[in-house]
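Contents: one structure, followed by commentary.
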Amino acid sequence: MTYLIEKIERAAKQSGSVTFLDGTDVQRVEWSKLYDDALRLSAALQGIGTGSGHPLGILAPTSRPAVVAALAGWLAGASVTFLPSPARATTPAGYLAATRARLDSLGEPVVLVGDPWTDSIDGLASPGRVVTDLPGVLSTALAGPEPITMVPAGSDDDPAILQLTSGTTGAAKIVQISHANLAANIDAIKQATGHESIHGRMLSWLPLSHDMGLVGSLLMPLTCGRCDTILSSPADFLARPAEWMRRVDRHRATATVGPNAAYALAARLLATGPTLDLSSLRCALSGGEPIDPEVVDAFTAAGRRHGLDPAVFVPAYGMAEATVAVAISPVGRGLRCDVVGAEDLERHGIAVPMPDGASPGAPARPGISVSSEGETPPAGRVRRIPLLGKPVQGLEARIVDQTTGRPMPERQVGEIQVRGTSVTAGYRGDAETTSARFLPEGWLRTGDLGYQAGGELAVTGRMKDVVILAGRNIYPDEVERAAARVPGVRPGNAVAFGFARRGPLGDGEGLAIAVESRTDDPERVRTLVLDEVRAALGIMPHAVIVLSPGSIPKTPSGKLQRAEAARRFTPR
């Protein structure tokens, strides 16, 4: 019996539940009832071709039918893939084409389509692929006689999830997560967070197509059985962002999770909104992208009058290739940053500790350096790099030189590599990328830059995203942070990227930043962004693009898509 089948059956005998939120509609369902429904649907799925090792695709918003479908797929021995909902600024035709391509890469899956996409069933069909409407097949299964269900034996080496990566820096890939990977990572998360001593209530609006939404917000409580989880959708969050923290209060949530942009918006709403009671919250986690200390500071400061303990914020580091979690900072510690000299970090790749009182944004070595654009980095500039904890049990991490692969000592920046029990064996149907990313000794090349300090991981950025100007490594999140301080720029809606630039002295790399604003004077916002970035970092962006709200591409979980932003907004 595979890991998930065992846990699903155990959860059916426990007291936990799932609460589904959709606007004002609230539906609480115990695991035992979800299990009964899933058994019936599992038999129906086996009848249309879903079986051991067969892929099952689910295109549906977070809902009771979607969760039942996933449980049914696992009970039938299938690997499950939640297909992402449309990202921002995606056209219907573009989304349909992208979804067809994802289904093609899965092979010949059985696909269950829920509202509001049931009209697309014909457009998703192809030879060898069964595509059917989820509401219809579920209704028929529940109305029929109790079936005789054959639960396959399976193996923990079988794939449990075929996880689509977020595609924040390029094309999405399919990560094969086995039952053994899941077991290892979930047990590691429980150990790192002291889960067995605290059985609480998770609140999440992250999509189930996201690794943290699926594993962290659904499967973690499921494998416990005694915990509750409260699920809504990204569309629900975007329509009513203030409801996120109100629901923490209303449902007495003990844990929640979100990206930088969501915490930035929550900070602004908490600062001006009615008083809430957030004292139940014991873990507010973020870990899918570099964490912005200024956003965390604003969130915890705004939350104080609502009873929020700043120590509940939990910075973490994770990725789909490691199931979800790689490192988690100690729960109850709050945000702790390594304050380092920005000049040494950018020019020499060394994280030299600086006094906490140094100015945000100054060189660890004396002297002045001038960029090729004639700008001078502010003296004494520092960076606050969040410390993300040590690797979770079963995983190890190392930092290596990007060129030679030589392991680097503490506080020297290089590529982060990880290996261990939670790490996938590779990408489905992509031997070339698997060979490039996985080394013979089992190390996964993450593509992230960072260093270790006292055994803890500190992430400085993505290798693909770094822009090199005048010998300095410019990290986009620093540029975005400066731009976000400009009045009129929407919190969490600034994206910086490099581009190939032609100049009088030859070709080089340029820096562009796109920001969203509701302003009636985009030229003023553009000037203020230029001034703020120059004052904070000593560099002058070559282009500032001011956009209307909703223009910057993001994943369904709210992460910036820098590669797509560069494709759309690069100056011509």
Side-chain angles (χ1 to χ4, degrees), residues 2-12 16-20 27 29-46 48 50-85 102-103 106 109-115 117 132-135 137-138 141-142 149 151-152 154 158-164 174-179 181-182 186 202 204 206-223 225 229 231-233 320 323-324 556:
T2 61
Y3 171 77
L4 273 183
I5 290 179
E6 177 188 343
K7 295 301 183 182
I8 292 169
E9 292 184 347
R10 194 185 81 163
S17 67
V18 183
T19 298
F20 299 98
Q27 185 183 28
V29 189
E30 293 181 349
W31 286 119
S32 57
K33 178 57 179 170
L34 292 170
Y35 173 71
D36 290 342
D37 291 352
L39 274 179
R40 290 175 174 270
L41 181 57
S42 175
L45 293 180
Q46 290 173 334
I48 58 174
T50 301
S52 184
H54 198 91
L56 173 67
I58 302 171
L59 177 58
T62 303
S63 59
R64 178 174 177 175
V67 170
V68 169
L71 299 182
W74 287 313
L75 288 173
S79 59
V80 171
T81 300
F82 275 97
L83 296 154
S85 55
R102 294 181 181 114
L103 293 175
L106 287 174
V110 169
V111 185
L112 300 178
V113 182
D115 295 326
W117 298 294
T132 187
D133 68 305
L134 173 57
V137 70
L138 179 58
L142 297 182
T149 305
V151 178
D158 293 340
I161 300 170
L162 297 180
Q163 178 68 54
L164 292 162
I174 299 175
V175 181
Q176 301 180 108
I177 300 299
S178 70
H179 287 270
N181 293 147
L182 266 179
I186 287 174
M202 164 64 82
S204 173
L206 294 182
L208 296 178
S209 59
H210 187 276
D211 50 3
M212 186 61 205
L214 180 57
V215 180
S217 304
L218 178 65
L219 295 183
M220 273 284 293
L222 165 67
T223 59
T229 188
L231 303 177
S232 64
S233 68
T323 305
V324 62

Donor-acceptor contact below 3.5 Å, side chain [X] vs main chain [Y]:
X: Ser217; Y: Leu214; result: no
X: Trp31; Y: Leu222; result: no
X: Thr81; Y: Leu162; result: yes
X: Ser209; Y: Pro207; result: no
X: Ser204; Y: Gly213; result: no

(Q) I need the Thr2 OG1 to Ile8 CD1 distance, nearest 0.5 Å. (A) 7.5 Å
Would you name the heavy atoms of [X] and [Y] that are closest together and state the gap between them?
X: Ala320; Y: Gln163; answer: CB-CG, 3.9 Å
X: Ala12; Y: Ser32; answer: O-CB, 3.2 Å
X: Pro84; Y: Arg102; answer: CG-CZ, 3.6 Å

(Q) For a side-chain contact (heavy atoms from CB on, under 4.5 Å) check, start with the C-alpha distance between Gln27 and Arg64, then their side-chain angles and the critical distance, and finish with the verdict. (A) CA-CA 9 Å; Gln27 185 183 28; Arg64 178 174 177 175; 3.1 Å; yes
Q.
Closer than 4.0 angstrom, basic N to acidic O: yes or no for Asp37 and Lys33?
A.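 Answer for the salt bridge query: yes.
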**Q.** Stepwise side-chain contact (heavy atoms from CB on, under 4.5 Å) check, Ile161 with Val215
**A.** CA-CA 10 Å; Ile161 300 170; Val215 180; 4.2 Å; yes
Q | side-chain contact (heavy atoms from CB on, under 4.5 Å), paired with Leu208, selected from Thr62, Ile58, Leu83 | A |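 So, applying the side-chain contact (heavy atoms from CB on, under 4.5 Å) to Leu208 and each of Thr62, Ile58, Leu83, only Thr62 qualifies.
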(Q) I'd like to know whether Leu45 forms a side-chain contact (heavy atoms from CB on, under 4.5 Å) with Leu112, so could you lay out the CA-CA distance, the side-chain angles of the two residues, the decisive distance to 0.1 Å, and finally the verdict. (A) CA-CA 10 Å; Leu45 293 180; Leu112 300 178; 3.9 Å; yes
Q) Stepwise, does the side-chain contact (heavy atoms from CB on, under 4.5 Å) test hold for Ile5 with Leu75? A) CA-CA 6 Å; Ile5 290 179; Leu75 288 173; 4.2 Å; yes
